[in-house]
Amino acid sequence: MSVATSVLHEGPGARQTAAQRRSLPDFRDIAQNLAEQEHICIRPLPMRAIDPTTGTASYLGAPCKSTVASVCPACADKARFLRITQCREGWHLDHEPENEKTEPTEHQTALLAARSDLFETYQQAKADGDEEMMSGVREIVADLDEEMKASGFRGRLPALDKDKKPRRARSTRRRQDAPNLPRLKVAKTTVGRTYTGGHQPSMFITLTMPSYGAINRDGATNNKGEVVGDGSPRDPDSYDYERAARDVVHFSALFDRWIQNLRRAVGWNIQYFATVEPQKRGAPHLHILIRGTVSRDLIRQVTAATYHQVWWPSHDRDSEVFPGDIVPVWDPAKMTFTDPGTGSALLGFDDVQDLLDDVEDLEPAHVVRFGDQMDRADIRGFVPGEKANRAVGYVTKYLTKSISDILDTDSDRTRRHYERLHAELQHTPCSPRCPVWLRYGIVPRGATEKTVSGRCKGKAHRRDTLGLPGRRVLVSRQWSNKTLPDHKADRAEFVRQLLASVGIVKPDTSHLQLSVVKPGDRSAPPRDHLIMAAIAQRKTWRAEYTRALLAAGPPALQDTSAIPVAA
């Protein structure tokens, strides 16, 4: 060994190479590691808090609220814990959710009366063509609307100008190739049947999409070491990628129709908690928890008879007008896209829909259905207990993983399958506003000069989602009768009362006015300082919470579900 090499390996004062220095952890690595250990957000957002009573301003870090563990483990776990709480509270609910409505105040009544008078004034000014009066009334009504919302009003207020656009109606007659379903009047009850002995079971249902082609049964192993399929098709050329792409785009609408049909078939307002996950082949499937019980035969019947018709212009690959590099051109004079060859303006989406209304025996552009194969494991009943808790954990286990993490694969043939499905999604419109319509010579709704032909920023066209809907959790309104912020407030209130029982009273911060720090605010602390402050605050909270638990005794020690979110 040379003298120079030996010097590099001597004591703490020895010289280090550039590679050795780069391998050392920096402050941010250590802070992030400690933040993960303390279960706090590693990507806090700087917020400016103003106390209206004193006028003082301070800065604090707000959690990023990411639901993906690879982005922020702490925030993702908190979001999952809230979903678990929401899921448990609603699955076996034994009483009807209560909706208490407050009476309108005199102030709200006076505001609405004033708005009604202004509405009549506006209509008269509109009839007289008095633009100046109309503009003045709109300004006053805007102020009244803001005041009414601040008073505790919910819902939309009627616009001064009526929307003259007629609603497009389609035939609601059932398809001849779909079996009929029983149709009962849906009662308002949401609680399932109670059986002899006081048992009140609820159900776990799994719904999958139909087959688009045979899948390889080897190429991967499960957690038991058994050989399973890797999701790739046996014959990619015969695999129906066009149907697979369309089905995934309209998947959410199909589920809404399934719930509607199920409620009409059973005659009561079924409540549900559903999570969306991708199968290995890239098709979505649903894990659904419903409150109460429904016969397996009826569930199979409803699933087989449920469909969703897409009444859009034809968008088959063969009907593409601009499939290559030649694309429609925006014409500033005509304020629309034009044919690059002829210069004529292209028809808009609504114009094409109007033309289709005059077509007799019009067929839908696409019909999406669930798969008709359901075995006994896809429909199960659960009573409250350990098995039900495991089912809740199973339904929510993938919520902290992104679609790309779930579909991560080492198989080349599976990767090629995903790429081909993604390529098909680039030719499948996801909404009437999708720029992909320009491939078919149709101008989408809301198109501007910034619209790029065939390029849509929607999640349906992203490679990391493969068309799956953005909402991974679908919950009915009366499942637990609470929103996620309501559940979070309940958990925080539990901790607050526990601390107050041992004399620890936390300051009230509800009156603070929070706003996002604007770029260029030199007084705002850097993210590193926010992480250090959060770590110190977490240690203090943990010590206070532990002290309160020990003082409260065994009952409180057994209920630790609030620790991850409230701390």
Side-chain angles (χ1 to χ4, degrees), residues 27-28 30-32 34-67 71-79 81-82 105 107-108 111 142-154 483-548 551 562-567:
F27 168 78
R28 291 186 177 180
I30 300 174
Q32 180 172 328
L34 183 57
E36 291 178 356
Q37 292 180 13
E38 294 294 334
H39 209 78
I40 63 175
C41 179
I42 61 176
R43 301 167 62 250
L45 305 177
M47 302 288 289
R48 191 166 185 261
I50 299 178
D51 191 337
T53 58
T54 61
T56 58
S58 59
Y59 294 90
L60 50 86
C64 68
K65 297 183 180 180
S66 173
T67 58
V71 176
C72 181
C75 289
D77 285 343
K78 290 177 182 179
F81 291 146
L82 280 178
T105 63
H107 178 60
Q108 291 175 327
L111 288 175
D143 294 336
L144 284 177
D145 291 350
E146 291 297 327
E147 189 175 355
M148 182 167 287
K149 291 179 181 179
S151 68
F153 179 84
R154 70 177 179 90
T483 62
L484 281 184
D486 293 336
H487 285 288
K488 185 175 181 179
D490 289 345
R491 295 162 74 90
E493 182 62 25
F494 169 80
V495 175
R496 191 177 296 111
Q497 293 180 5
L498 185 63
L499 296 178
S501 65
V502 295
I504 302 176
V505 180
K506 308 301 291 185
D508 183 17
T509 59
S510 60
H511 64 286
L512 296 180
Q513 300 175 354
L514 301 179
S515 61
V516 179
V517 172
K518 298 180 179 180
D521 189 347
R522 297 186 178 181
S523 300
R527 177 175 291 179
D528 303 336
H529 291 188
L530 295 176
I531 292 178
M532 289 190 295
I535 291 173
Q537 188 180 57
R538 171 54 58 93
K539 288 181 176 293
T540 302
W541 285 354
R542 191 179 298 278
E544 292 175 345
Y545 192 81
T546 303
R547 173 187 163 193
I563 297 177
V565 174

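If you read the sequence from its start, that first residue is 1, and numbering goes on from there. Keep in mind that the numbers below use all heavy atoms, side chains included, and drop hydrogens, waters and symmetry copies.
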Trainee: Taking all non-hydrogen atoms of both residues, which atom of Ala551 and which atom of Val502 are closest, and how far apart?
Mentor: CB-CG1, 3.3 Å
Trainee: Start with the C-alpha distance between Ile40 and Gln537, add both sets of side-chain angles, then the distance that settles side chain to side chain contact (heavy atoms under 4.5 Å, CB included), and finish with yes or no.
Mentor: CA-CA 10 Å; Ile40 63 175; Gln537 188 180 57; over 6 Å; no
Trainee: Report yes or no: does Asp486 contribute a side-chain atom to a donor-acceptor pair with the main-chain N or O of Thr483 at less than 3.5 Å?
Mentor: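 Between the backbone of Thr483 and the side chain of Asp486 there is a qualifying donor-acceptor contact (under 3.5 Å).
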Trainee: Side chains of Cys64 and Ile42: closer than 4.5 Å at any heavy-atom pair?
Mentor: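 Cys64 vs Ile42: side chains apart.
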Trainee: How long is the straight-line distance from NZ of Lys488 back to CG of Leu82, given to the nearest 0.5 Å?
Mentor: 7.0 Å
Trainee: What are the two closest non-hydrogen atoms of Ala49 and Leu514, and how far apart are they?
Mentor: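 Shortest heavy-atom contact: CB-CD2, 3.4 Å.
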Trainee: For a 4.5 angstrom cut-off between non-hydrogen side-chain atoms, does Lys518 reach Arg48?
Mentor: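 The answer is no, as the side chains (C-beta and beyond) never meet within the 4.5 Å cut-off.
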Trainee: Lys78 and Lys65: side chain to side chain contact (heavy atoms under 4.5 Å, CB included), yes or no, with the steps?
Mentor: CA-CA 9 Å; Lys78 290 177 182 179; Lys65 297 183 180 180; over 6 Å; no
Trainee: Do Val495 and Trp541 come close enough that some side-chain heavy atom pair is under 4.5 Å?
Mentor: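 No, side chains not in contact.
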Trainee: When you look at Val516 and Met47, which way does the side chain to side chain contact (heavy atoms under 4.5 Å, CB included) test go after all the steps?
Mentor: CA-CA 5 Å; Val516 179; Met47 302 288 289; 3.9 Å; yes
Trainee: Any side chain to side chain donor-acceptor pair (under 3.5 Å) pairs touching residues 502-517, not counting sequence neighbours?
Mentor: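 Counting only pairs at least two positions apart or across chains, the side chain to side chain donor-acceptor pair (under 3.5 Å) contacts touching residues 502-517 are Asp51-His511, Lys506-Glu544, Asp508-Ser510.
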Trainee: Rounded to the nearest 0.5 Å, what's the gap from OG on Ser151 to CD on Glu146? Could you check?
Mentor: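 Spacing of OG (Ser151) from CD (Glu146) equals 11.0 Å.
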Trainee: Give me the atom names and distance for the closest heavy-atom approach of Pro525 to Tyr59.
Mentor: CD-CB, 3.5 Å
Trainee: Does any part of the side chain of Pro44, heavy atoms only, come nearer than 4.5 Å to the side chain of Arg527, both counted from C-beta?
Mentor: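 With C-beta onward as the side chain, the pair touches.
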Trainee: How far apart are the closest heavy atoms of His39 and Ala74, and which atoms are they?
Mentor: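 Scanning both residues completely, I find the closest heavy atoms to be C-CB, 3.6 Å.
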Trainee: Where is the tightest heavy-atom contact between Leu45 and Pro63, given as atom of each residue plus distance?
Mentor: CD1-O, 4.4 Å
Trainee: If you look only at pairs with a residue in residues 492-501, which of them pass as a side chain to side chain donor-acceptor pair (under 3.5 Å), with sequence neighbours excluded?
Mentor: Glu493-Arg496, Glu493-Gln497
